[in-house]
Structure formats: C-alpha cells, structure tokens
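Chain identifiers are assigned alphabetically (A, B, ...) following the order of the sequence lines, protein sequences preceding nucleic acid strands; residue numbering begins at 1 within each chain.
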Number of protein chains: 2
Amino acid sequence: MTPAQPPFGDMPPDDFRRYAHTLVEWAADYFEQIETHAVLSQVLPGDVRKALPDHAPEQPEPFEQVIADLDRIILPAATHWNHPGFFAYFAITGSAPGVLMDLVSSALNQQAMLWRTSPAATELEEVTLRWLARLMHLPDQMEGVIYDTASISTLHALAAAREVAVPDVRTKGLAGRSLPRMRVYASEHAHSSVDKAVIALGLGHDSLRRISADSAFSMRIDALEAAIAEDRAAGITPMAIVATIGTTSSTSVDDVPAAAAIARREGAWLHVDAAYAGVMAMVPEFAWMRAGLDQADSIVVNPHKWLFTPFDLSVLFTPRMDVIRQAFSLTPEYLKTPEAGAVKNLMDTGIQLGRRFRALKLWAILRYFGAEGVRARLREHCRLAQVFAAWVDAHPDFERVAPVPFSVVCFRSAPHAYAGNLDVLNHALIERVNKSGDVFLSHTSLNGQIVIRLAVGNLRTEERHLRRAWDLLHEALDAFR
Amino acid sequence: MTPAQPPFGDMPPDDFRRYAHTLVEWAADYFEQIETHAVLSQVLPGDVRKALPDHAPEQPEPFEQVIADLDRIILPAATHWNHPGFFAYFAITGSAPGVLMDLVSSALNQQAMLWRTSPAATELEEVTLRWLARLMHLPDQMEGVIYDTASISTLHALAAAREVAVPDVRTKGLAGRSLPRMRVYASEHAHSSVDKAVIALGLGHDSLRRISADSAFSMRIDALEAAIAEDRAAGITPMAIVATIGTTSSTSVDDVPAAAAIARREGAWLHVDAAYAGVMAMVPEFAWMRAGLDQADSIVVNPHKWLFTPFDLSVLFTPRMDVIRQAFSLTPEYLKTPEAGAVKNLMDTGIQLGRRFRALKLWAILRYFGAEGVRARLREHCRLAQVFAAWVDAHPDFERVAPVPFSVVCFRSAPHAYAGNLDVLNHALIERVNKSGDVFLSHTSLNGQIVIRLAVGNLRTEERHLRRAWDLLHEALDAFR
C-alpha cells in the first residue's frame with residue numbers, strides 16, 4: 001500500500017481537501033476551455049476499454065493517477081454536453097450553481113426514502129417543486145415529486161392511469177382475468193418513453209395507439225376522436241391520453257385543452273409530456289402554453305433538460321398523487337416510523353425506495369439566477385433559434401421543415417436542381433459538420449424525410465456558435481456539390 | 001440584479017472557482033466535524049418548509065446566501081448517513097474518492113443514452129463492472145449494467161423473467177388474453193422492491209408468493225418446493241424465484257444453489273438479491289457465497305450500499321442481457337446512429353433513456369482503495385459486528401435474535417423478570433438512544449418480536465462508536481427499569 005493510505009477508514013481529510021481543490025481547478029479550467037474540446041467525441045469504439053486494465057488493481061493507486069486519467073482517457077472520450085456548440089437532441093446545461101450543489105449533495109449522501117432519513121431532502125423537494133409549480137402557473141393542487149428521468153416520471157403517470165382504469169390491478173395484476181382491452185393514445189411524435197412505459201407496465205406495445213399529426217406535427221384531434229370512437233366500438237377502453245408540449249423531433253405542441261376535454265369525457269388519464277418545453281410556461285409571452293394544464297392528471301417537466309440542472313432531475317406534477325401512493329406505497333416493518341402519519345415519506349411516491357438529494361441543485365439554480373434570470377435565459381435561447389431559422393428561411397439551398405415554437409430548428413438542405421438523394425445528402429452534411437468538433441447536430445425524420453435538428457439550450461451558446469454551425473453547413477454543402 | 005451576474009450565460013468562471021473552493025472547505029470541514037452533528041436529525045416536521053419562502057425569488061440572490069443556508073437550514077435537517085454512529089437500515093459511506101469523482105461527473109454532465117453521447121461513460125461502465133464481476137468471482141458471461149437503485153435493478157430482472165415466461169408480452173401485454181397465472185417466489189424476508197416490481201409489471205401483488213423462513217431466517221427450500229408443487233397443481237406457472245444473500249431485516253442468506261436447482265428444473269428465472277451483501281463475495285473467507293451465483297439469471301449488488309459509493313449506483317449482472325434488450329430496446333429515428341451495430345448503447349438495456357455518468361465514482365473507489373483495501377474494510381466491518389454481537393451474547397439483559405453472517409447485529413433487550421411489554425421496551429430504547437444524537441439505530445420484526453438492528457457499514461465507524469451505542473442502550477435501559 002502507499003504509505004499515505006491507512007488500512008481502514010476513508011481517505012484522510014487533508015488528502016480529500018487537497019484533491020478536491022485540485023479537481024475544482026480542473027473543473028473550472030474545463031468550463032473555461034470547453035471550446036478547445038471536440039463537442040462530439042472523436043474516439044473510436046473500444047478506445048476507452050483498451051486504455052484500461054482488465055482487472056481492478058489489487059493494491060491502492062495514488063489518487064493522482066486517477067486524476068491524470070481524466071485528461072488522458074475520460075475527456076477525449078466525453079461528448080461535451082456543456083459545450084456551446086452542442087446542438088444535438090435537446091441541448092442542456094449542467095450550470096455552475098447546480099454543479100456546486102451537486103457536490104454538496106454527494107458529500108451529504110442523503111438517502112431520502114423516509115422523512116427521518118432526510119428531513120432536508122424531503123422538505124426541500126416539496127418547497128422547490130412548489131416554487132417551480134408557481135413559476136409555471138400550475139394550479140396549487142398540483143403536487144410534485146422528483147424522479148431521475150422522464151422515462152420514470154411517465155412510467156409512474158401511466159401506472160397511475162392503470163390504477164384508475166383497473167382499481168384492483170395492484171393486487172390482481174392484468175393476467176389471467178377478464179379485463180377489457182385498454183388503450184393509451186399519443187401522437188406519432190410522442191416520445192419513446194411512452195412506448196417503454198406501456199411495455200414495462202404489462203399493457204403491451206399494442207396498447208399504445210399512435211395518432212397521426214397535422215402539418216405542424218401536432219396530434220390531430222379529429223384523428224384522436226376517431227381512434228377512440230373506433231376503439232370504443234370494439235370494446236376497448238381509453239385508459240390514457242398523452243399530449244406533448246414540445247415533441248422530441250420538432251418541438252411541436254399538441255392541443256392540450258382539446259385533449260383534456262376528450263380525456264375528461266372518456267374518463268381517461270391525461271398525461272402531459274412537457275419534459276423539454278414545460279419550463280417555458282414561466283414566460284409571459286408563452287402563457288398560451290398554460291391552457292389545459294389545470295386539467296392534466298400529470299405533467300412531466302425535466303429541469304435537467306432546459307432548466308440548467310445537472311443530470312439527473314425529472315419532475316412529475318399531479319393533482320392525484322394519492323393514486324400513485326395507492327399504486328406503490330408499501331411499508332415493511334423496518335421502515336415504519338412513529339411520525340409516519342404526520343410527514344411525507346418519499347418512498348411512498350414511487351417504485352424507487354432510495355432517492356438522492358436532487359432538490360438541492362434545482363433550489364440553488366432558482367435562487368442564483370432568480371425567476372427573472374431564468375426567464376431571460378429561456379427567452380434568449382428562443383431568440384437564438386429564431387435567428388438561425390431566419391438564416392435558413394432566407395437561403396435558397398436550405399428549407400425549414402417545421403415551425404420553431406421554442407429553441408429547436410428543423411431544417412434541411414435542398415439545393416435547387418440537386419440530382420442526388422436529399423436524405424443521403426443531409427446525413428452526410430451532419431456527419432461532416434460533426435467531424436469538425438466545433439458543433440454537434442443530430443437528425444430526425446419528418447414527413448418521411450431526413451431533417452437536421454439544431455437545438456439551442458446551453459447557457460454558453462451565443463450567436464457566434466450558431467454562425468459557426470451555419471458556416472460549417474455551407475462548407476459541407478460546397479464539398480458535396 | 002446583482003452587478004456580478006451577467007444577463008445571460010452561466011455563473012462567471014471566476015465566481016465558480018471561488019464558490020467551489022469555498023464548498024470544498026465546507027465539505028472537508030463537514031467530514032472532519034461530522035461527529036458534532038446529531039446523526040438522526042432532530043428537527044420537527046415542517047421546520048425546513050417554514051424556514052423558506054413560498055416563492056422562488058424574482059431577482060438573483062448572491063450565491064453566498066445559498067451557501068449560508070446550508071449551515072442554517074440544510075445541515076440541521078440532514079440525517080447524517082456519513083456519521084460513524086449511523087447504524088440504522090444499512091449503513092453506507094459516500095467515500096471521499098467517490099465524492100471527488102461525482103464532482104467530475106456533475107461538471108462533465110454526460111448523458112450516456114447512446115455510445116456517441118458519452119463513449120467515456122459507456123465504456124467505463126463496461127470496464128468497471130467487469131472489474132467488479134471479477135472481484136466477486138462471477139462468471140465471465142455475466143454482463144453488467146448500472147441503474148440508480150436496486151428497486152430498478154430488480155424491476156428489470158423480473159421484467160426479463162416476464163419476457164421469458166410470456167414471449168410476446170412486449171407487444172401484447174398481459175391483459176385480455178388467455179395466459180396461465182404466473183408466480184414469483186421469494187422469502188418472507190425478501191425486500192419490498194420485489195413487491196413493487198410485481199405491482200409495476202402488472203403481475204399483481206398476488207403473483208408474489210412469500211415463502212416461510214427457517215430459524216435462521218433463510219427461505220425454507222422444502223416450503224418453496226411445496227409451494228411450487230401446489231401452484232403447478234393449480235395450473236400456475238413459476239415465473240421467477242428470488243433468493244436473497246443478506247436480507248434487509250437480519251442479513252440472512254437463502255440457499256442459492258438449492259434455489260438455482262429448482263429454478264432450472266422449473267424453467268423459472270433465478271434473481272439473486274445481493275444488494276447489500278454481494279460485495280462480500282470478494283473476500284476469500286466468504287467464498288461460500290459464490291456457490292450458485294453462476295446459475296443465477298440475474299444478480300443485483302449495490303455499490304452505494306457497502307462499496308463506499310455515494311448514492312446512487314446499483315448494478316445488475318446477468319448472463320442474459322439479451323432478454324432485457326429484447327424487452328426494452330427501441331430506437332426512434334432521432335436516436336439512430338451509424339455506429340449502432342458496433343457499440344453498446346446503454347439506452348437499450350432498460351427503461352430509462354438518460355443515464356448519469358455513475359461508473360466514474362465506482363472506478364475511482366476501486367482504484368483508490370485497491371481490491372485489498374476494499375476487502376480489508378469489508379472484513380473490518382464484519383469484525384466490528386462480531387465484537388458487538390459478543391457484547392450482546394455476554395450480557396444477561398440482552399439477547400441476540402439472529403446469526404451475524406455479515407455486518408448487522410439483530411438483538412433485543414429482554415431483562416430477567418421484566419414485567420412490561422418487550423416490544424414497547426425495545427422501541428423505547430431505540431427512541432431514547434436515537435435522541436442522544438450520537439448513534440442512530442433502527443428496528444425490524446423477527447419471529448413477531450420487535451428487534452433492534454445495529455448495522456455497520458460506514459468507513460468512519462470504529463469500536464468506540466459501537467461502545468457508545470452499547471453504553472447508551474444500557475443508560476436507556478436503566479432509565480426504564
């Protein structure tokens with residue numbers, strides 16, 4: 001063993017202090033120099049694996065070696081989500097106040113299954129989500145809970161829908177009994193987490209009926225009505241409707257008030273997937289987004305997407321948390337506490353027993369930026385997207401493929417009299433641009449065509465980064481012409 | 001706005017640097033002074049809520065105020081899982097190397113859904129889990145995946161079991177069709193995550209058949225055989241058997257080889273819940289634990305429990321990861337990548353699309369302590385538990401209630417000729433001891449009796465902390481006599 005390491009116990013406190021200060025400098029330098037890294041990692045499959053031994057070391061290694069490997073192995077193999085040229089998928093930010101409080105969260109190592117195992121995490125979650133709900137103008141009866149991901153939030157939302165549709169499902173399950181077929185409706189553009197949720201819940205992928213979208217990629221309400229009528233006629237029960245505000249492909253917006261009216265009429269659960277765009281309900285110019293949210297049975301919004309929160313932190317709001325508790329609360333003897341009736345135990349609101357202290361980072365972010373600062377940054381991202389959209393609209397070799405309600409632009413190159421396949425061309429453009437290391441774009445498919453997505457969402461992104469993406473696209477196009 | 005904060009962008013780099021160094025000092029002081037805090041928080045329900053405003057601030061707040069609130073509000077309301085007197089539930093450690101690398105993880109903000117969105121997180125997870133599997137002497141065909149919690153690991157294990165039992169369950173689900181009733185078998189002492197998993201998966205709580213335990217709190221294999229035979233006779237299909245190594249109440253050990261033989265014979269999935277004790281398979285004196293693990297279809301082990309890893313990090317090992325992929329992999333157009341066939345995309349191995357870079361902290365822990373250092377610490381925890389057990393055994397006013405295979409002692413006070421109710425007495429002892437602030441004990445029920453649990457698992461725990469717990473128990477007992 002290295003002489004510095006005692007046989008038992010944790011790392012000596014002075015060593016922790018020294019390495020922690022070293023890593024703070026490392027992280028601060030990383031943030032300052034982030035544009036020196038290729039945003040999309042340029043390593044090849046297997047490079048990381050091959051750089052490391054097959055077995056854990058028998059003897060302790062000096063921690064300096066671990067730190068050295070961050071630069072040697074980890075950084076080149078990271079795709080830099082905090083890079084201002086990250087425009088793929090949904091661009092996110094692990095903001096400084098969030099990172100700082102995540103350090104505190106790691107040191108405190110709270111496990112908030114019961115109120116008593118972390119009154120701080122339990123009540124700060126309640127307070128912070130109340131703040132967030134009010135900023136979003138959600139009705140006061142909306143109770144929030146923090147999960148890790150939107151996948152898990154939506155899983156719980158649809159588990160609640162199942163609980164309502166089949167009141168004894170908790171006990172008796174779905175198999176081997178006489179139950180009507182049940183259906184979940186969602187736009188053809190709804191997120192794959194809806195698919196995974198119906199699969200996990202034992203409803204089966206066939207229980208998800210995808211509804212076609214209109215020319216703006218919003219779920220067609222007439223098609224939803226027709227699908228439900230057809231299903232009703234076939235004896236199929238509408239269990240839930242998923243409406244999306246900000247779909248993943250094009251950030252299109254479903255008509256939530258109309259979906260809400262149908263859900264209410266049909267006795268179906270209305271889940272609103274606002275994982276990406278929900279935060280925009282904070283901004284007065286986007287007040288239209290709030291319509292119908294008071295009718296939702298559940299709403300998912302992800303602060304780790306567009307509220308500058310280091311991954312992971314997803315929020316489910318619902319006025320019917322009692323249904324989730326009814327579905328999942330279960331207290332073995334060893335988790336019984338005298339205060340159980342007087343407090344909220346977070347383990348009752350879901351599948352996961354253990355919960356990290358996630359509220360801390362969101363709380364710090366809301367305080368550090370302030371509501372006005374958050375709104376200003378969200379507006380700026382939307383403004384940047386409009387700037388880019390205007391460039392696309394003004395150029396004859398490119399065309400915009402979808403409206404830009406938020407901060408994502410969907411477009412493609414379609415040069416006049418281009419003889420080749422446009423899908424192949426656009427894929428090639430993306431690949432070439434991404435190889436630059438300066439920006440990272442991703443694609444989707446809209447109307448059966450390959451489309452380039454440029455998503456703004458990182459706090460470091462400025463107009464010059466958009467300009468760089470635009471220039472790179474032109475350079476790439478010139479190379480293929 | 002405060003003058004220091006720009007209208008857009010993240011916190012200025014120099015401010016991040018300054019606050020981060022401040023928080024490093026704060027965290028280092030916290031670790032050094034942890035014994036000055038009451039291990040079980042002494043705040044009252046509502047204290048945190050009442051200390052904070054109802055609304056997020058409109059204007060930015062100086063970050064110093066957020067930091068000040070850590071001492072003012074958060075610390076008194078934290079239950080200190082890193083305190084050496086934390087003996088409740090399963091004692092854990094957010095060790096320094098883990099905390100340090102969690103800081104790096106937060107700063108990098110990797111979202112490892114696809115290989116390309118983080119080659120580093122994807123391949124380091126593979127490498128680190130290979131290290132862990134080899135340390136535990138698991139067969140090479142065991143592939144690992146990191147989830148957040150054992151609840152989610154076990155959910156995936158039983159989802160895989162369901163996939164095998166009902167091959168088209170992904171598409172058709174469980175409802176409205178002719179399926180045999182299915183059963184999951186687990187000891188009466190199995191963890192509540194098994195209950196939550198069968199509920200979530202739509203199998204229903206009734207599908208879980210609890211098997212009675214023997215005098216050592218191990219699942220009775222004869223009772224398991226009888227239950228399966230009875231179910232078979234009633235046309236019920238055995239879907240899965242859950243065997244536990246280290247149950248939550250008493251850390252009892254089920255007979256894994258026997259359960260494996262039955263599972264194989266019956267065509268049922270064998271899931272081994274080794275969330276707490278699995279790490280002991282690293283230690284040669286515990287080689288007996290490895291028997292039957294090569295027959296397991298899945299094994300859950302939680303580095304955040306007894307491998308010094310800050311919450312959260314749970315591992316599922318399985319030689320049948322293809323079944324989990326078959327159950328859940330699903331790639332929408334916008335997540336398709338040219339390298340898909342050549343790499344592992346972590347989103348394919350589960351419900352959650354997004355994944356934090358969790359492997360980093362476990363990798364650093366294995367390197368910093370080294371395999372020998374890890375084993376030495378695990379052994380020391382077991383030794384400490386034996387020391388405490390010996391005190392209990394030697395004292396006429398206390399009795400041990402279960403064997404101590406690992407690091408948890410189950411005991412109760414049963415003074416000679418005590419006229420009162422022993423359950424009431426033992427609950428009262430725990431409450432009084434916990435009020436001291438020096439130690440935190442929890443309880444369970446064994447053989448219908450309330451039992452005190454003392455769980456060793458924190459790296460700071462020394463014999464003097466056990467002595468303090470023992471003295472406090474005696475002081476409390478004197479007060480009640």
Side-chain angles (χ1 to χ4, degrees), chain A residues 10-11 13 16-17 20 24 27-28 32 41 45 48-49 52 56-61 66 74 77-78 81 94-96 99 102-103 106-107 109 119-120 123 127 131 149 151 171-176 179 181 192 202-205 310 332-334 343 352 354 364 366-367 370-371 444-445 459, chain B residues 10-11 13 16-17 20 24 27-28 32 41 45 48-49 52 56 58-61 66 74 77-78 81 94-96 99 102-103 106-107 109 119-120 123 127 131 149 151 171-176 179 181 192 202-205 310 332-334 343 352 354 364 366-367 370-371 373 444-445 459:
Chain A
D10 199 357
M11 179 186 280
F16 171 75
R17 219 177 275 268
V24 162
E32 286 196 292
S41 174
V48 173
R49 195 171 50 239
L52 291 164
E58 267 300 299
Q59 300 301 323
E61 287 185 42
V66 180
I74 302 301
W81 289 74
S95 69
V99 171
D102 225 10
L103 166 62
S106 297
N109 209 26
E123 296 193 15
V127 168
W131 289 8
T149 59
S151 306
T171 310
K172 296 192 178 161
L174 297 167
L179 284 174
R181 285 175 64 202
S192 55
L203 299 163
H205 210 174
E333 176 61 38
Y334 48 82
V343 299
Q352 287 125 323
L366 294 176
R367 292 180 67 180
T444 190
S445 169
L459 287 180
Chain B
D10 199 356
M11 179 186 279
F16 171 74
R17 218 177 276 269
V24 163
E32 285 196 291
S41 174
V48 173
R49 195 171 49 237
L52 291 165
E58 267 299 300
Q59 301 302 322
E61 287 186 41
V66 180
I74 302 301
W81 289 75
S95 70
V99 171
D102 226 9
L103 166 61
S106 297
N109 208 28
E123 296 193 14
V127 169
W131 288 9
T149 58
S151 306
T171 309
K172 295 192 177 161
L174 297 167
L179 285 175
R181 284 174 65 201
S192 55
L203 299 162
H205 210 174
E333 176 61 38
Y334 48 82
V343 298
Q352 288 126 322
L366 293 176
R367 292 180 68 179
T444 191
S445 169
L459 287 180

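In this structure, the side chain of A:E333 does not engage the main chain of B:S445 through any donor-acceptor pair within 3.5 Å. Side chain of A:E61 to backbone of B:R367: no donor-acceptor contact under 3.5 angstrom is found. A donor-acceptor pair is defined here as one N or O able to donate and one able to accept, closer than 3.5 Å; no such pair exists between the side chain of B:D10 and the backbone of A:L459.
Every side chain to side chain donor-acceptor pair (under 3.5 Å) that B:D102 has, sequence neighbours left out, goes to A:S106, A:R356, B:R356. With sequence neighbours left out, A:S41 forms a side chain to side chain donor-acceptor pair (under 3.5 Å) with no residue at all.
Proximity to chain B (any heavy atom under 4.5 Å) is restricted, for A:V343, to the side chain, taken from C-beta onward. With a 4.5 Å cut-off on non-hydrogen atoms, A:P332 touches chain B through its side chain but not through its backbone. Interface residue A:T149: only side-chain heavy atoms are found under 4.5 Å from chain B. Both the backbone and the side chain of B:V66 have a heavy atom closer than 4.5 Å to some heavy atom of chain A. Contacts of A:E58 with chain B are made by both backbone and side-chain atoms, with heavy-atom separations under 4.5 Å. For chain A, the nearby parts of B:Q352 are the backbone and the side chain; heavy atoms of each come within less than 4.5 Å.
For the residue pair A:V24 and B:A20, the shortest heavy atom distance occurs at CG1-CB, 3.4 Å. The two residues B:V99 and A:F16 make their nearest non-hydrogen contact at CG1-CE1, 4.2 Å.
In terms of non-hydrogen atom pairs under 4.5 Å with chain A, the most contact-rich of B:A27, B:S151, B:G94 is B:S151. Of the listed residues B:G354, B:A364, B:G176, the one with more heavy-atom pairs under 4.5 angstrom with chain A than any other is B:G354. With chain A as the partner, the residue from B:G173, B:P310, B:P13 showing the most heavy-atom pairs under 4.5 Å is B:G173. Residue with the most contacts toward chain A among B:R17, B:R49, B:H205, B:E32: B:R17 (heavy-atom pairs, distance under 4.5 Å).
At least one side-chain heavy atom of A:Y334 sits less than 4.5 Å from a side-chain heavy atom of B:S192. Residues B:L174 and A:L203 have side chains not in contact (no heavy-atom distance under 4.5 Å, counting atoms from C-beta outward).
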